[in-house]
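These numbers come from a predicted model, not from an experiment. These values consider heavy atoms only, across backbone and side chains, with no hydrogens, waters or symmetry-generated copies.
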Amino acid sequence: MANRKAVYNEASFRALKGLEPVRQNPGMYTHVVHPLHIVQEAIDNAVDEALAGFGRRIVVTAYKDGSIEVADEGRGIPVGIHAEEGKHVVEMAFTMLHAGGKFDKEGNESAYVIAGGLHGVGVAVTNALSKRFEVTVYREGAKHFMAFEDGEVVQKLKSTRGKEYERRTGTVVRAWPNPKYFDSPNIPQSELEHLIRSKAYLLPGLTSVLRFEGREGFDERSWIFKGGMAQYFDAMLGGRELAAPLFTGERYFEEDPNEQSAEIMPGEGAAWALGFLADGDTFTESHVNLIPTRSGGTHELGYRNGIFDALRAFMDTRGITPKGVKLVADDMWSRACFTLSAKIVRTQFHGQTKEKLTTKHAVRLLELCVRDAFELWLNAHPEDGKRIAELAVEQAMNRLRKGQKYERKKSSGVATLPGKLVDCASGDTSRNELFMVEGDSAGGSAKEARDKDTQAVLPLRGKVLNTMSKDSRTVLANKELQAIATAIGIDPHGIDDAPDLTGLRYGRIIVMTDADVDGGHIQALLLTFFFMHCPRLVESGRVYVAQPPLFKIEIAAQGKGKPARRVYCLDEEELDDALGLLRKEGVREGAWEISRFKGLGEMSPEQLWDTTMNPDTRRLVQMRLVRDQIKQVRSTFELLMDAGEAEGRRNWMREHWKTVEADV
């Protein structure tokens, strides 16, 4: 309820300074389940020094008091006074967002050509979310020490000279993560060990050491590997047998990379290892500049495209593909495993945790790296190539058989599909997707933009019924909800029911609404329906929410080799990041035009496909929860959506008003 007495004037505005934004909204900058990611920021800085050729050893120590120390043998953070800021550079590194030595990528004088990202918050976030933070720098024949508490300087930079420091260089940081910012203060040891060990695989010759302090001293483990990607793949494989020999390789572009892609810069490229399993669970592990990209991104997309195109060319040349079988990428990748390490000069990631690469030219870069190389390998090993092709064909035949079974069932059913449903052609449930869109305008764009083979569109008229307190009979009496249930092919049910899911017509059900208040309301109403009346769909991971962009940036051509381009941004935070990157690239101010989308219907079919429907470039949030979590979420839905919970909602809003983001 609005507070009519609240004063809204100039004094209401406040500018957050220094590290305040991080402490107020830590989830925007890091994972808050546990402190591993803020420790990873310090580890990545140490590894970047080794990647740049300075130091061959990093040591990570976990102490009994919950602190973590990271030590490297690099050049040491500069400790002098910054000419513009008037502060010690080492202080700037840990107290200022968007301050560091990795932004300047031009010319041979750059301190870092290849590094783990340009988001610019980095280890300052580690300091902001730590009770205490200490940094020791060995540089220029001296030891330099500085300490912080709650992100603020408590011990100014102190330098000590001595003979023991004359030959030593490097940086040592020690952080005591503040438990109030995290769900759990404990860092999972297995995840930390995997992270440290992976650095040694990815940078052959690097010694990475992990030490745990116990009651009787330190338990120390160290790793050094010379085998690169092949050795990393073998460790991930865990002794299982491959159906064909391992395909490994690496390619890095030199001064004149390739006339076909002017965006590719010297030093960029990748190393990889690829294998195929006849059965069993597969794995994929990718990194960019030694940063783990758990959610993949454009480098994985380019890699997958290049490998699949090479296999398809090999099969076409030798006439291996059976008649009537159209091979799709999933047929091959369902049996493939790989480890991939890409090096990219100008990296751009989705979000501060850098788990998904969005650098556009990485697609072309990886395609150039692997396509010809894999096709040559297949032709040099024709029998192994045929075995890989057979695995892909076997998967395709299984897929088609499932589709035929489904078609027979559908043709014998009695349900009439809703007239406004624009269905897809494929009968393969595992590939098919249903987009539930808001209104005829967005529905029209979606119909034109979609992949007609695998994507169906169901336009909705206005806001659906709030089903929070409704039973299944009432739900099915509503025409709009009845159309949704019929299109999906499953009846409404309860959390403890066991509905027949064999009639399910789509592998993914995607809620796609405008990025505004009305769109958010419709999204909430639809999710209420799925969580309360189709919980088995949520439990099986079938329900998704699309994330269309709110902004579009049109960038004019910037001379030879820099054509006009277009960038889409999910929200204002991404818009600020994108504009910051453009300025760092040297794009002149005013050489871009920013527009805000009013809704999906305003997008052209091409734009809607590129941003929200294309499986290779879109962003989806999966609503997947185990049963206990679903029960907990359902109670939250009841509080927020039930007409009889007005008082509870009011109390909840009073308690959480500071931490909830709202677009009003």
TODO: Applying side-chain contact (heavy atoms from CB on, under 4.5 Å), run through Leu570 and Phe551 and close with a yes or a no.
DONE: CA-CA 7 Å; Leu570 184 66; Phe551 297 97; over 6 Å; no

TODO: Output, in order, the C-alpha distance, side-chain angles, deciding distance and verdict of side-chain contact (heavy atoms from CB on, under 4.5 Å) for Ile307 and Arg371.
DONE: CA-CA 6 Å; Ile307 293 294; Arg371 190 196 186 284; over 6 Å; no

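- Asn614 pairs by the side chain to side chain contact (heavy atoms under 4.5 Å, CB included) definition with Trp609, Asp616, Thr617, not counting sequence neighbours.
- Side-chain atoms of Met229 and Leu202, non-hydrogen and from C-beta on, do get closer than 4.5 Å to each other.
- Rounding to the nearest 0.5 Å places CZ of Phe435 at 12.5 Å from OG1 of Thr513.
- Put simply, CG on Asp514 and CG on Leu600 are 4.5 Å apart, with the number rounded to the nearest 0.5 Å.
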- [ ] Would you check, one step at a time, whether the test salt bridge (charged side-chain N to carboxylate O under 4.0 Å, His left out) holds for Arg619 with Glu574?
- [x] CA-CA 14 Å; Arg619 304 183 201 180; Glu574 277 197 9; 2.5 Å; yes

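- For Asn127, the side chain to side chain contact (heavy atoms under 4.5 Å, CB included) partners at least two apart in sequence or on another chain are Leu19, Phe94, Thr95, Phe133, Phe148.
- Summarising the geometry, atom CZ belonging to Arg304 is positioned 13.5 Å from atom CG belonging to Asp309; distances are rounded to the nearest 0.5 Å.
- The two residues Gly306 and Glu367 have their closest heavy-atom pair at N-CG, 4.1 Å.
- With contacts defined as side-chain heavy-atom distances shorter than 4.5 Å, the pair Gln547/Arg618 does not qualify.
- Under the salt bridge (Lys or Arg N to Asp or Glu O under 4.0 Å) criterion, Arg450 pairs with no residue, sequence neighbours left out.
- The shortest side-chain heavy-atom distance between Val545 and Leu620 does not fall under the 4.5 Å cut-off.
- Rounded to the nearest 0.5 Å, atoms CG (Leu365) and NZ (Lys343) are 12.5 Å apart.
- Nearest heavy atoms, Ala42 versus Val173: CB-CG2, 3.8 Å.
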- [ ] For the pair Ser130 and Asn178, evaluate side-chain contact (heavy atoms from CB on, under 4.5 Å) and give the outcome as yes or no after the intermediate values.
- [x] CA-CA 5 Å; Ser130 295; Asn178 194 329; 5.8 Å; no

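- The shortest side-chain heavy-atom distance between Thr339 and Trp272 does not fall under the 4.5 Å cut-off.
- Looking at every heavy atom in both residues, Ala270 comes nearest to Cys369 through N-SG, 4.0 Å.
- In terms of the side-chain hydrogen bond (donor to acceptor under 3.5 Å, both in side chains) criterion, residue partners of Trp176 (sequence neighbours excluded) are, by chain and number, Asp65.
- Atom-to-atom distance recorded for Leu203:CG and Leu51:CG is 6.0 Å, nearest 0.5 angstrom.
- Under the salt bridge (Lys or Arg N to Asp or Glu O under 4.0 Å) criterion, the residue pairs touching residues 123-138 are Arg132-Glu134, Arg132-Glu149, with sequence neighbours excluded.
- Remark: side-chain polar atoms of Gln455 are paired, donor with acceptor, to backbone N or O of Met613 under 3.5 angstrom.
- No side-chain donor-acceptor contact under 3.5 Å links Gln40 to the backbone of Leu36.
- Residues that satisfy the side chain to side chain contact (heavy atoms under 4.5 Å, CB included) test with Glu152, not counting sequence neighbours, are Arg23.
- Judged by distance alone, the side chain of Thr169 and the main-chain N or O of Arg75 form no donor-acceptor pair under 3.5 Å.
- For Lys180 and Asp150, the salt-bridge test fails: no basic side-chain N is under 4.0 Å from an acidic carboxylate O.
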TODO: Check the pair Asp44 / Lys199 against salt bridge (charged side-chain N to carboxylate O under 4.0 Å, His left out), numbers first and verdict last.
DONE: CA-CA 9 Å; Asp44 290 341; Lys199 304 298 185 185; 3.1 Å; yes

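- His82 and Glu91 share no donor-acceptor pair across their side chains, judged by distance under 3.5 Å alone.
- Considering only residues two or more places apart in sequence or on other chains, Asp610 meets the salt bridge (Lys or Arg N to Asp or Glu O under 4.0 Å) condition with none of them.
- When the shell of 6.0 Å around NZ of Lys552 is examined, it contains more than 12 heavy atoms from other residues, nucleotides or ligands.
- Nearest approach of Ser198 to His287, heavy atoms of both residues: OG-NE2, 4.1 Å.
- For Tyr544, the side-chain hydrogen bond (donor to acceptor under 3.5 Å, both in side chains) partners at least two apart in sequence or on another chain are Gln622.
- For the residue pair His144/Ser159, the side-chain donor-acceptor check at 3.5 Å is satisfied.
- Side-chain contact between Val60 and Ile43 is present, with at least one heavy-atom pair separated by less than 4.5 Å.
- In this view, Glu73 satisfies the salt bridge (Lys or Arg N to Asp or Glu O under 4.0 Å) rule with no residue, not counting sequence neighbours.
- Residues Phe338 and Glu300 have side chains in contact (heavy-atom distance under 4.5 Å, counting atoms from C-beta outward).
- For Pro549, the side chain to side chain contact (heavy atoms under 4.5 Å, CB included) partners at least two apart in sequence or on another chain are Tyr568, Phe597, Met603, Thr611, Thr612.
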TODO: Output, in order, the C-alpha distance, side-chain angles, deciding distance and verdict of side-chain contact (heavy atoms from CB on, under 4.5 Å) for Phe182 and His34.
DONE: CA-CA 5 Å; Phe182 303 95; His34 50 67; 5.6 Å; no

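- With sequence neighbours left out, His299 forms a side-chain hydrogen bond (donor to acceptor under 3.5 Å, both in side chains) with Ser286, Thr293.
- Under the 4.5 Å side-chain criterion, counting only non-hydrogen atoms from C-beta, Val587 is in contact with Ile555.
- Listed by chain and number, the residues in a side-chain hydrogen bond (donor to acceptor under 3.5 Å, both in side chains) with Glu554 are Arg566 (sequence neighbours excluded).
- When side chains are defined from C-beta on, Val172 does not count as touching Val135, because their heavy atoms never get closer than 4.5 Å.
- A side-chain donor-acceptor contact under 3.5 Å links Gln607 to the backbone of Ser604.
- To the nearest 0.5 angstrom, Cys569 atom SG is 9.5 Å from Leu550 atom CG.
- By the 6.0 Å contact criterion, CD on Glu593 is open, its count of non-hydrogen atoms from other residues, nucleotides or ligands being 12 or less.
- When all heavy atoms of Val90 and Ile77 are compared, the pair lying nearest together is CA-CG2, 3.9 Å.
- Here the closest non-hydrogen pair linking Val345 and Pro266 is CG2-O, 3.9 Å.
- Under the 3.5 Å distance criterion, the side-chain polar atoms of Asn289 are matched with a main-chain donor or acceptor of Ile344.
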